[in-house]
Amino acid sequence: MSEEARGPLGPEPSSTPAPSPRTGVVASPGAADFGTGDQAEEQQRTEGPTLQAALEAILLVVDEPVAEVTLAQVLERPTHEVAAALRGLSAEYTASGRGFDLREVAGGWRFYTRADCAALVERFVRDGQQSRLTQAALETLAVVAYRQPVSRARVAAVRGVNSDGVMRTLVARGLVEEAGTDPESQAVLYRTSSYFLERLGLRDLSELPELAPFLPDDVENLEETTK
């Protein structure tokens, strides 16, 4: 065939993409997008859950309040970040009216049911049975709470009756614990426990209500007779 028969266009263009002028590698359509989804999933797995999610997961399984510094060590995050996240979660639960609350008590944080739901929760868990402290136990616990550390003899002097059996009950329930011995009499001293703070929803003993309004008018004479 003559040159004229081929026409002026020359050979037909190839459908294969031209190699890159820099690398000589032929680029495939969509190659830049290949694996983008896998990379995103891998990045998410590497980053892990958010700080808030991690805190919620841990606090759901604890059986006693956990300190901020402990949570910070476990999560390997600064303590101030953990503290801010905890307070943010607590405020969020309150603002949204959730049935549970995140509270700071006894030097740590723990989930509690909302006070508004107390009657419903009690109805669910009580099952017709109640376990209450006796009047003697409440009196003894009050003496220990406000006079600690205190010996059994001192408690008996304040109450005017032997309190050994009641003290053993309070220790067995974890509300009271030993706090060393008196340097003069060598008597065992007792104090309230962190479980006591937890059960009353207190951060520390400074949040105990003032005792003065509940004392009799002749409290000074009472103090003298109990010394």
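No hydrogens, no waters, no symmetry mates; every other heavy atom, side chains included, goes into these values.
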Under a 3.5 Å distance rule, please check whether [X] uses its side chain to pair with a backbone N or O of [Y] as donor and acceptor.
X      : Y      : value
Ser151 : Arg154 : yes
Arg114 : Arg98  : yes
Thr192 : Ala145 : no
Gln186 : Pro183 : yes
Asp101 : Arg103 : no

If I take atom [atom1] from residue [X] and atom [atom2] from residue [Y], how far apart are they, to the nearest 0.5 angstrom?
X      : Y      : atom1 : atom2 : value
Thr140 : Gln135 : OG1   : CD    : 9.5 Å
Gln73  : Thr70  : CD    : OG1   : 5.5 Å
Glu68  : Arg77  : CD    : CZ    : 14.5 Å

Is the closest side-chain heavy-atom distance between [X] and [Y] below 4.5 Å?
X      : Y      : result
Leu141 : Phe196 : yes
Leu175 : Leu133 : yes
Val188 : Arg152 : no

request  = Walk me through it: do Val143 and Glu139 pass the test side-chain contact (heavy atoms from CB on, under 4.5 Å)?
outcome  = CA-CA 6 Å; Val143 173; Glu139 291 176 1; 5.6 Å; no

I'd like to know if [Y] and [X] are part of one continuous hydrophobic network [Ile/Leu/Val/Met/Phe/Trp/Tyr, side-chain heavy atoms within less than 4.5 Å].
X      : Y      : value
Leu138 : Tyr195 : yes
Leu189 : Val171 : no
Val144 : Val161 : no

side-chain contact (heavy atoms from CB on, under 4.5 Å) between Glu207 and Leu200, worked out = CA-CA 10 Å; Glu207 294 189 350; Leu200 268 66; over 6 Å; no

query = Going by side-chain heavy atoms closer than 4.5 Å, which hydrophobic residues are tied to Leu86, directly or by a chain of links?
reply = Leu51, Leu55, Ile58, Leu59, Leu60, Val62, Val66, Leu71, Val74, Leu75, Val82, Leu89, Tyr93, Phe100, Leu102, Trp109, Phe111

task = Run through the side-chain heavy atoms of Ile, Leu, Val, Met, Phe, Trp and Tyr, join any pair under 4.5 Å, and report what else lands in Leu120's cluster.
result = none

So, for [X] and [Y], which heavy atoms are closest and what is the spacing to 0.1 Å?
X      : Y      : value
Leu197 : Arg203 : CD1-O, 4.0 Å
Pro65  : Tyr112 : CG-OH, 4.1 Å
Ser194 : Ala106 : O-CB, 3.7 Å

request  = Evaluate whether atom CZ of Arg199 has more than 12 neighbouring non-hydrogen atoms of other residues, nucleotides or ligands under 6.0 angstrom away.
outcome  = no

